[in-house]
Amino acid sequence: MTDPSSETEIIRRIVEGEKQLFAVIVDRYKIKVYGIIRSMGLNHQDSQDIAQEAFVKIYRSLANYRDEGHFSA
(Lines give C-alpha, C1' and ligand atoms only; values in the text may rest on other atoms or scores of the structure.)
Protein backbone atom coordinates (compact mmCIF):
# COMPACT_ATOMS: atom_id res chain seq x y z
CA MET A 1 0.00 0.00 0.00
CA THR A 2 1.38 3.40 -0.89
CA ASP A 3 1.54 6.19 1.65
CA PRO A 4 -0.84 8.93 0.44
CA SER A 5 1.01 11.64 2.34
CA SER A 6 4.25 10.81 0.54
CA GLU A 7 2.38 10.96 -2.77
CA THR A 8 1.06 14.39 -1.86
CA GLU A 9 4.61 15.48 -1.10
CA ILE A 10 5.93 14.03 -4.35
CA ILE A 11 3.18 15.78 -6.33
CA ARG A 12 3.90 19.08 -4.57
CA ARG A 13 7.59 18.77 -5.42
CA ILE A 14 6.83 17.92 -9.07
CA VAL A 15 4.57 20.96 -9.39
CA GLU A 16 7.29 23.12 -7.82
CA GLY A 17 9.78 22.06 -10.48
CA GLU A 18 11.25 18.66 -9.59
CA LYS A 19 9.82 17.17 -12.76
CA GLN A 20 12.08 14.09 -12.66
CA LEU A 21 10.06 12.85 -9.65
CA PHE A 22 7.15 12.08 -11.97
CA ALA A 23 9.03 8.85 -12.71
CA VAL A 24 8.14 7.76 -9.14
CA ILE A 25 4.43 8.15 -9.92
CA VAL A 26 4.79 6.30 -13.21
CA ASP A 27 6.71 3.46 -11.55
CA ARG A 28 4.05 3.10 -8.85
CA TYR A 29 1.09 2.93 -11.23
CA LYS A 30 2.29 1.76 -14.66
CA ILE A 31 1.45 -1.92 -14.12
CA LYS A 32 -1.98 -1.14 -12.69
CA VAL A 33 -2.85 1.32 -15.47
CA TYR A 34 -1.58 -1.03 -18.18
CA GLY A 35 -3.51 -3.94 -16.65
CA ILE A 36 -6.77 -2.01 -16.56
CA ILE A 37 -6.39 -0.95 -20.17
CA ARG A 38 -5.32 -4.41 -21.30
CA SER A 39 -8.35 -5.96 -19.56
CA MET A 40 -10.52 -3.96 -21.94
CA GLY A 41 -9.41 -6.27 -24.72
CA LEU A 42 -6.81 -4.07 -26.38
CA ASN A 43 -3.57 -5.46 -27.73
CA HIS A 44 -0.20 -4.86 -26.09
CA GLN A 45 0.89 -1.92 -28.26
CA ASP A 46 -2.44 -0.10 -28.05
CA SER A 47 -2.49 -0.62 -24.28
CA GLN A 48 0.99 0.84 -23.95
CA ASP A 49 0.08 3.83 -26.12
CA ILE A 50 -3.07 4.59 -24.13
CA ALA A 51 -1.24 4.18 -20.82
CA GLN A 52 1.40 6.64 -22.01
CA GLU A 53 -1.29 9.12 -23.04
CA ALA A 54 -2.92 8.73 -19.63
CA PHE A 55 0.34 9.53 -17.83
CA VAL A 56 0.88 12.58 -20.05
CA LYS A 57 -2.60 13.84 -19.11
CA ILE A 58 -1.92 13.13 -15.43
CA TYR A 59 1.35 15.06 -15.61
CA ARG A 60 -0.31 18.05 -17.24
CA SER A 61 -3.05 18.05 -14.59
CA LEU A 62 -0.90 17.71 -11.47
CA ALA A 63 -1.11 21.42 -10.67
CA ASN A 64 -4.88 20.99 -10.33
CA TYR A 65 -4.66 17.94 -8.06
CA ARG A 66 -6.73 18.24 -4.89
CA ASP A 67 -5.65 16.05 -2.00
CA GLU A 68 -9.15 14.70 -1.38
CA GLY A 69 -8.68 10.96 -1.25
CA HIS A 70 -6.23 8.57 -2.79
CA PHE A 71 -4.25 9.65 -5.83
CA SER A 72 -4.69 6.20 -7.37
CA ALA A 73 -8.42 6.76 -7.68
Side-chain angles (χ1 to χ4, degrees):
M1 181 65 66
T2 56
D3 177 9
S5 63
S6 69
E7 284 184 345
T8 301
E9 177 65 15
I10 290 168
I11 292 166
R12 182 191 62 76
R13 290 173 59 190
I14 294 167
V15 170
E16 290 179 354
E18 293 183 59
K19 299 183 184 323
Q20 73 280 3
L21 286 177
F22 190 66
V24 173
I25 300 294
V26 172
D27 285 343
R28 284 187 184 176
Y29 294 105
K30 66 184 175 187
I31 293 172
K32 184 175 186 175
V33 169
Y34 173 82
I36 290 168
I37 296 166
R38 186 80 168 151
S39 72
M40 294 176 187
L42 297 172
N43 66 39
H44 171 72
Q45 187 62 49
D46 289 343
S47 296
Q48 282 188 320
D49 291 346
I50 292 170
Q52 182 175 1
E53 289 175 24
F55 282 111
V56 169
K57 287 182 180 184
I58 291 166
Y59 180 79
R60 290 179 178 159
S61 299
L62 280 180
N64 301 318
Y65 173 67
R66 305 285 182 254
D67 187 20
E68 300 170 349
H70 293 286
F71 179 76
S72 61

When rounded to the nearest 0.5 Å, the distance separating NZ of K32 from CD1 of I36 is 6.0 Å
Taking E9 first and then R12, would you say they form a salt bridge - that is, a charged N and a carboxylate O separated by under 4.0 Å?
yes
Got E53 and I37 here, is their nearest side-chain heavy-atom distance under 4.5 Å?
no
Over 12 foreign heavy atoms within 6.0 Å of CD, E18
yes
Which pair of non-hydrogen atoms, one from A51 and one from V33, has the smallest distance, and what is that distance?
CB-CG1, 3.9 Å
How far apart are the closest heavy atoms of Y59 and F22, and which atoms are they?
CD1-CG, 3.6 Å
Any side-chain heavy-atom pair of L62 and I25 under 4.5 Å
no
In terms of hydrophobic clusters joined by side-chain contacts under 4.5 Å, are Y34 and Y29 together?
no
Supply the atom-to-atom distance Y65 OH to T8 OG1, rounded to the nearest 0.5 angstrom.
4.5 Å
Within the structure provided, determine whether N43 and R38 are in side-chain contact (heavy-atom separation under 4.5 Å).
yes
For the atom pair CG (N64) and CZ (R66), what is the distance rounded to the nearest 0.5 Å?
6.0 Å
Least distance between heavy atoms, I10 atom then R28 atom:
CD1-NH2, 3.7 Å
